[in-house]
Amino acid sequence: MSSRISIAVTGASGFCGGHVARAAAARGAEVVCVGRRPGPVGAHRFWDAARELPDLSGIDLVVHCAAAVGDPAPGSAAEAEMYAVNVGGTERLLRAAGGRSVVWVSSASVYDPRRDRALVGEDHPRTGHLNAYGRTKAAGEALALAAGAVVLRPRAVYGPGDTQLLPRLLSRVRAGTLLLPGPDVRLSLTAVENLADACLSAADWAPGAYNVADAEPYARDAAVGRVLRAHGVRARVRHLPLGLARTAARAAEALARAGGGEPALSRYAVDQLAHPVVLDLTRAYAQGWSPRRTLDDYLARAARPAAD
């Protein structure tokens, strides 16, 4: 990557986008953070993804991390906003990008949860989504793929500054117990540093979709237990029968539909934890990329924050 390349990072005020922006600056790039709020480095250009075209003048590469996340109730204002950002925002970004290279950060949530995901390749069906997030990310990435972008599909991104995965996990500890649906399973996770590295490396990849994750999947129960301990939380991991978890999720979703908020538990959340989901990284490896960070790296840092 040229030391003078100009990279626009959308959503740079967020978790993933912030890491991408910092990594790009560390490699000598000129970074422009595009979004509603400034990023951690570089210049800032305001952009409301749900309503307007971004200013990409003078930009060589666009890394699109901006996204609406969550699990909104069907028919809610939050669901409409998610569609406006994840689908409409993508259309506006691609229109503004013209012939520029675009790396579009998607999610493994686009994969059909009704099919076996013990080893998921990029050709896995992308239908049957359990919530608006999966549907809108699939629709947005379809636009990006049609426009010749590189699309990255990480799963369960974790790391310093995480505002989604870790807080949700910690919030579910009750009386020293964390209930997880179904028996232990193997899951791919993605260190945010691995994702950031892939975002910058992918500028030279052939257009198309690529899974991005840590080199090896993790045993769910052991990984969760280690994360809790690293953050000073002493809790036993217990298994909730899968049928009971699904019933509770349906009830919580019904309450959320009535109130218009997010459910305390959803079928999507149950699915993400209860079934083996391992991403096949062969296609990314063929581009010369390999993940360097692991959960061990993150836990070592989390256990000694005062030393960093």
When clusters are formed by joining ILVMFWY residues with side-chain heavy atoms under 4.5 Å apart, either directly or through shared neighbours, do Val173 and Val270 land in the same one?
no
Tightest non-hydrogen contact, residues Thr90 and Gly140, listed as CG2-O, 3.4 Å
Answer yes or no: is there a donor N or O on one side and an acceptor on the other, between the side chain of Ser76 and the main chain of Pro72, under 3.5 Å?
no
Asp123 CG to Asp280 CG distance, which is reported to the nearest 0.5 Å:
10.0 Å
For a quick test of reading the model, state the closest non-hydrogen atom pair linking Ala223 to Leu295 and the distance between them.
CB-CD2, 3.8 Å
Let's go through Cys16 and Gln164 carefully: what are the C-alpha distance in whole Å and the side-chain angles of both, what is the deciding distance for side chain to side chain contact (heavy atoms under 4.5 Å, CB included) to 0.1 Å, and is it a yes or a no?
CA-CA 11 Å; Cys16 294; Gln164 293 290 323; over 6 Å; no
Rounded at 0.5 Å granularity, tell me how far OG1 in Thr136 sits from OH in Tyr83.
9.5 Å
Side chains of Asp221 and His239 only: does a donor on one sit below 3.5 Å from an acceptor on the other?
yes
Is there a side-chain contact between Leu299 and Val227, using heavy atoms and a 4.5 Å cut-off?
yes
Should Tyr210 and Ser106 count as side-chain neighbours, where that means a heavy-atom distance under 4.5 Å?
no
Between the CG atom in Leu281 and the OG atom in Ser188, the distance rounded to the nearest 0.5 Å is 6.5 Å
Between Leu165 and Val157, the two heavy atoms sitting closest are CD2-O, 3.8 Å
Enter the distance from Asn211:CG to Thr190:OG1 here, rounded to the nearest 0.5 Å.
9.0 Å
Taking atom CD as the centre, does Glu216 end up with more than 12 heavy-atom neighbours from other residues, nucleotides or ligands that are less than 6.0 angstrom away?
no
Ion pair Glu193/Arg22, N-O distance below 4.0 Å
no
Can you measure from OG (Ser6) to CD1 (Ile59) and round to the nearest 0.5 angstrom?
3.5 Å
Kindly assign one of parallel, tilted or perpendicular to the pair Tyr218 and Tyr158, based on the angle between their ring planes and the thresholds 30° and 60°.
perpendicular
Is it true that Glu262 and Arg168 make a salt bridge, defined as a side-chain N closer than 4.0 Å to a carboxylate O?
yes
Do Tyr268 and Pro113 make a side-chain contact, defined as non-hydrogen atoms from C-beta onward lying under 4.5 Å apart?
no
Is it true that a side-chain atom of Trp289 and a backbone atom of Ser201 form a donor plus acceptor pair closer than 3.5 Å?
no
So which atom in Leu152 and which in Ala202 form the shortest heavy-atom distance, rounded to 0.1 Å?
CD2-CB, 4.3 Å
Assess whether a salt bridge exists between Arg292 and Asp197, defined as any Lys/Arg side-chain N lying under 4.0 Å from an Asp/Glu carboxylate O.
yes
Are any of the side-chain heavy atoms of Leu169 and Val224 separated by less than 4.5 Å?
yes
Is it the case that the side chain of His64 and the backbone of Val9 share a donor-acceptor pair, with hydrogens and angles ignored and the cut-off at 3.5 Å?
no
Side-chain donor/acceptor of Arg229 to backbone N/O of Arg234, under 3.5 Å:
no
Can a donor-acceptor pair be found between the side chains of Asp112 and Thr127 at a distance below 3.5 Å?
yes
I need the single residue from Asp297, Thr294, Asp214 that forms a side-chain hydrogen bond (donor to acceptor under 3.5 Å, both in side chains) with Asn194. Which is it?
Asp214
Are the side chains of Trp47 and Thr10 in touch, meaning some heavy atoms are under 4.5 Å apart?
yes
Connected via hydrophobic side-chain network under 4.5 Å: Val85 and Leu94
no
When you compare the side chain of Arg100 with that of Leu56, does any pair of heavy atoms fall below 4.5 Å?
yes
So, Ser101 side chain and Leu61 main chain: donor-acceptor pair closer than 3.5 Å or not?
no
Following the transitive rule for hydrophobic clusters with a side-chain heavy-atom cut-off under 4.5 Å over Ile, Leu, Val, Met, Phe, Trp and Tyr, establish whether Trp205 and Ile5 coincide in one cluster.
yes
How close do Ala274 and Leu242 get, counting heavy atoms only, and between which atoms?
CB-CD1, 3.5 Å
Under 3.5 Å donor-acceptor, Arg301 side chain and Tyr298 backbone
no
Verdict with reasoning, Arg246 to Glu253, per salt bridge (charged side-chain N to carboxylate O under 4.0 Å, His left out):
CA-CA 10 Å; Arg246 286 171 173 159; Glu253 287 176 344; over 6 Å; no
Let me confirm one number: the CG-CG distance from Asn86 to Leu143, rounded to the nearest 0.5 Å.
11.0 Å
Just by distance, do the side chain of Arg238 and the backbone of Leu180 share a donor-acceptor pair under 3.5 Å?
no
Take Val278 and Leu187, measure what side chain to side chain contact (heavy atoms under 4.5 Å, CB included) needs, and give me the verdict at the end.
CA-CA 5 Å; Val278 177; Leu187 299 171; over 6 Å; no
Quick one, Arg155 and Gln272 - any side-chain contact, counting heavy atoms below 4.5 Å?
yes
Option among Arg153, Arg117, His129 that satisfies the side-chain hydrogen bond (donor to acceptor under 3.5 Å, both in side chains) test with Tyr111
Arg153
Going by the rule salt bridge (charged side-chain N to carboxylate O under 4.0 Å, His left out), which residues pair with Asp116 if we only count those two or more places apart in sequence or in a different chain?
none
For residues Ile7 and Ala24, report the shortest heavy-atom separation together with the two atoms involved.
CD1-CB, 4.0 Å
Check ion pair Glu91-Arg95 (N to O, under 4.0 angstrom):
yes
Does Val105 offer a backbone N or O that forms a donor-acceptor pair with the side chain of Lys137 under 3.5 Å?
yes
Under the side-chain hydrogen bond (donor to acceptor under 3.5 Å, both in side chains) test, which residues partner Arg51, sequence neighbours left out?
Asp48, Glu81
Say whether Val32 and Leu200 are linked into one hydrophobic cluster, either directly or through other cluster members, by side-chain heavy-atom distances under 4.5 angstrom.
no
Indicate yes or no: does Asp71 engage Arg267 in a salt bridge with an N to O separation below 4.0 Å.
no
Among the clusters formed by ILVMFWY side chains lying less than 4.5 Å apart, do Val103 and Leu93 turn up in the same one?
no
Could you give me the CA-CA distance, side-chain angles and deciding distance for Val69 and Tyr133, then say whether side chain to side chain contact (heavy atoms under 4.5 Å, CB included) is met?
CA-CA 6 Å; Val69 299; Tyr133 179 70; 3.9 Å; yes
Pairwise side-chain contact, Leu265 with Pro263, heavy-atom cut-off 4.5 Å (strictly under)
no
Exam field: side chain Arg37 to backbone Gly14, donor-acceptor pair closer than 3.5 Å:
no
Taking the side chain from Arg220 and the backbone from Pro183, do they hold a donor-acceptor pair closer than 3.5 Å?
yes
Do Leu166 and His231 pass the side chain to side chain contact (heavy atoms under 4.5 Å, CB included) test, and can you show the C-alpha distance, the side-chain angles, and the key distance before you say yes or no?
CA-CA 10 Å; Leu166 179 62; His231 288 85; 3.3 Å; yes
